[in-house]
Amino acid sequence: MPAGFDLVVLGSGVAGLSAAVHAASAGQSVLVLTKGELAHSATRYAQGGVAAALFDDDDSPELHLSDTLAAGAGLCDADAVRVLATEGPDRVRELMAMGAEFDRTGDGAAATLALAREGGHSVPRVVHAGGDATGAEIERALVEATTATAAEVRERWLAVDLLVEDGRAAGVRAIDPSGAEVEVRARHTMLATGGAGQCFAVTTNPSLSTGDGIAMALRAGVAVADVEFMQFHPTALHHPSMPRPLLSEALRGEGAVLRDQHGVAFMADEHPLGDLAPRDVVARAIARRLIDRGLDHLWLDATSIEGFSARFPTISNACHEVGLDPTRDWLPVAPAAHYLSGGVCTDLDGATTLPGLWACGEAACSGVHGANRLASNSLLDGLVFAKRTIDAIEAGKDGPDATGVMRGVTARAHAPAAAVARGDATRTDVQQIMTRDAGVLRDAASLERAAKGLATLPGPSSPDVQNLMTVSDALVRAAIVRLESRGTHTRLDFPERSSEFLGRFVFAGGEPGFVPLAAPAPEPAR
Ligand code: FAD
Ligand code: SIN
């Protein structure tokens with residue numbers, strides 16, 4: 001057993017900090033290691049909110065489950081989604097007890113939580129904070145809760161690779177703020193390093209979202225799945241700034257409408273839920289029009305929303321900064337890489353194929369998101385599965401069981417990562433290849449071009465570029481072999497969904513292997 005901490009948590013977003021608070025409160029010695037400042041994460045940019053069936057009148061965990069399965073396009077693990085939908089409300093209440101303040105409607109003692117509606121949700125169930133600053137409030141509350149525990153925090157430490165000893169995770173090799181390489185040892189290691197939107201040139205994700213934990217897992221032969229399912233948010237503001245300012249789906253929940261270049265509202269012809277269709281449907285509808293008509297953006301008309309700047313202050317400021325007034329102007333929009341539905345395979349308790357290694361949040365693939373994450377299910381995912389992971393560690397669990405995505409996934413030999421020769425490939429090099437050839441709409445030729453482009457890049461100029469290259473390569477390889485269109489993976493040359501591909505492409509130390517779903521989830525009609 002390695003000496004050191006009981007638990008080292010890599011990352012300080014909603015997943016990592018939730019885990020740290022629960023573990024430290026349970027008496028574990030905890031180290032939070034994070035590559036920026038403690039409060040720096042994708043979490044803090046979250047706008048729309050947290051989806052949870054908090055009230056029984058019009059909503060229920062069953063309905064939330066059914067909406068999530070419908071959005072997930074046949075690839076959700078129904079057990080994982082049931083866990084998310086049933087445990088979610090308690091985790092949201094717990095977060096409020098920690099000090100997170102969500103927006104309310106009504107006055108005084110009669111005030112109740114204000115609920116918004118977003119794409120793919122059949123009822124309003126999204127709690128939000130500061131109008132459209134939900135992530136900032138959650139991050140604030142969790143940073144405060146973490147610093148109130150005995151957990152040690154190391155900021156500006158970059159985790160580079162897993163330590164693997166005697167078939168189990170023994171901690172992590174990291175670079176400290178002075179640039180020195182240090183081994184951090186722990187009995188349990190948690191990957192809570194977030195997503196990989198930075199693989200693409202057009203993304204809503206902050207610069208830290210470089211898929212580090214997923215890349216570390218891939219290099220160590222830990223099972224990773226579903227990485228072809230990069231979700232593109234349909235309504236990023238079309239503007240050169242990076243990351244792209246997001247125009248929350250909650251705008252459409254409040255009545256905003258997508259319009260084409262002639263001003264025609266088109267979503268009603270695309271899906272029964274119209275502008276509130278699941279995100280993959282909306283992104284595809286926009287991307288098709290952009291390509292067919294040679295455009296670089298369409299429009300979001302939010303001029304009907306009353307009290308815009310009070311309800312959406314972040315978005316209002318972002319628009320005004322670029323000279324747009326959302327109460328008068330239609331807003332130029334185009335899809336942007338937003339959320340990686342796949343990641344490091346876990347069971348329902350966050351356990352990966354490597355004993356001692358756990359994964360939570362966007363870095364993980366527990367099966368809750370399938371081929372397309374339902375809006376505002378990600379923050380909830382981090383809250384729910386971080387708590388379950390710590391409960392499992394407390395209960396003495398020390399390896400995966402055959403639940404969630406781990407059903408059918410067998411552990412193979414895990415190995416410490418091999419050293420990679422450095423070169424001068426940059427982040428931009430990777431991003432240009434991926435945006436040009438592996439974006440919303442793909443085909444065999446574009447994906448082969450992407451694979452070749454990545455393979456012929458010189459070595460990475462830094463660890464984050466190395467991680468982008470590792471994750472992009474896996475994404476493209478899985479996308480090449482998934483000969484169908486499903487969820488966020490759209491193949492122009494295979495436009496239909498195929499029952500042959502009702503399963504996951506899993507990387508476990510080599511080429512992606514296909515693992516059919518053991519128990520396909522019932523897919524509610526929409
Ligand atoms: P993150 O919050 O990304 O945190 C990852 C952490 O890991 C960071 O602290 C990072 O610094 C650290 N890290 C990464 N690599 C390393 C390394 N090598 N070494 C050390 N530390 C490392 N979801 C919703 O549910 N509702 C929303 O309204 C919503 N809105 C969104 C709006 C925007 C603009 C974006 C970008 C995302 C939004 N999402 C939303 C998605 C959601 O915010 C993220 O999926 C979620 O916050 C991920 O949380 P996480 O804890 O897994 O990772
Ligand atoms: C949004 O507010 O549109 C983003 C919500 C999400 O990514 O879940």
Side-chain angles (χ1 to χ4, degrees), residues 8-19 32-52 71 116 118-121 126-129 132-136 138-139 142-143 154-161 172-175 184 190-198 203-216 231 233-236 243-253 279 282 312 314-315 318 336-341 343 359-364 369 373-383 385-386 463-464 467:
V8 57
V9 178
L10 309 180
S12 56
V14 63
L17 293 186
S18 301
V32 178
L33 194 148
T34 191
K35 68 179 175 181
E37 289 170 21
L38 186 61
H40 207 185
S41 62
T43 297
R44 73 173 184 172
Y45 298 98
Q47 292 188 348
V50 188
E118 292 182 23
H121 291 276
V126 178
V127 292
H128 44 87
D132 55 4
T134 310
I138 290 177
E139 187 74 28
L142 285 171
V143 164
R154 294 189 193 162
E155 296 176 304
R156 298 187 191 81
W157 278 60
L158 178 75
V160 177
D161 267 313
V172 71
R173 197 160 53 76
I175 298 176
V184 177
M190 176 184 280
L191 298 172
T193 43
Q198 285 282 326
T203 179
T204 62
N205 287 192
S207 64
L208 58 84
S209 302
T210 46
D212 297 7
I214 300 166
M216 284 185 238
Q231 179 176 75
H233 197 293
T235 59
R244 291 284 193 273
L246 181 69
L247 302 180
S248 172
E249 223 162 89
L251 292 169
R252 279 173 279 136
R279 202 168 274 178
V282 185
F312 297 108
T314 311
I315 296 171
H338 182 66
Y339 183 88
L340 190 61
S341 293
C360 276
E362 194 170 337
H369 305 306
R373 174 182 64 103
L374 183 66
S376 287
N377 265 359
S378 172
L379 296 168
L380 192 70
D381 170 9
L383 293 170
F385 286 94
D464 65 315
N467 293 332

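Atoms within each ligand, like the ligands themselves, are counted from 1 in listed order. Predicted model only: the values in this text are computed from it and were never measured.
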- prompt: Any N or O on T204 sitting closer than 3.5 Å to an N or O of ligand 1?
  reply: no
statement: Logged contact type for H40 with ligand 1, heavy-atom cut-off 4.0 Å, is backbone
task: Could you tell me whether the side chains of N467 and T210 share a donor-acceptor contact shorter than 3.5 Å?
output: no
field: Carboxylate-amine/guanidinium proximity below 4.0 Å for D212 and K35
entry: yes
task: Determine, for E37 against R156, whether the closest basic-nitrogen to carboxylate-oxygen distance falls under 4.0 angstrom.
output: yes
- prompt: When you look at R373 and D381, which way does the salt bridge (charged side-chain N to carboxylate O under 4.0 Å, His left out) test go after all the steps?
  reply: CA-CA 10 Å; R373 174 182 64 103; D381 170 9; over 6 Å; no
- request: For L208, take its heavy atoms, then give the atoms of ligand 1 lying under 4.0 Å from any of them.
  value: 10 (C), 11 (O)
message: Which protein residues come within less than 4.0 angstrom of ligand 2, counting heavy atoms only?
response: Q47, G48, E118, H233, L246, S248, E249, R279, H338, R373, A375, S376
- prompt: Side chain, backbone, both or neither: which part of N377 comes within less than 4.0 Å of ligand 1 when only heavy atoms are counted?
  reply: backbone
Under 3.5 Å: N/O of A42 near N/O of ligand 1: yes
message: Side chain or backbone, does G48 bring an N or O within less than 3.5 Å of an N or O on ligand 1?
response: yes
field: Geometric N/O contact T34 with ligand 1, under 3.5 angstrom
entry: yes
- prompt: Hey, is G135 one of the residues with a heavy atom under 4.0 angstrom from ligand 1?
  reply: no
message: Residue-level breakdown please: for S209 versus ligand 1, do any non-hydrogen atoms fall below 4.0 Å on the side chain, on the backbone, on both, or on neither?
response: neither
task: Any chance you could lay out the side chain to side chain donor-acceptor pair (under 3.5 Å) test for S41 and E139, step after step, and finish with the verdict?
output: CA-CA 8 Å; S41 62; E139 187 74 28; 2.8 Å; yes
task: Kindly confirm or rule out an N or O of A15 lying under 3.5 angstrom from an N or O of ligand 1.
output: yes
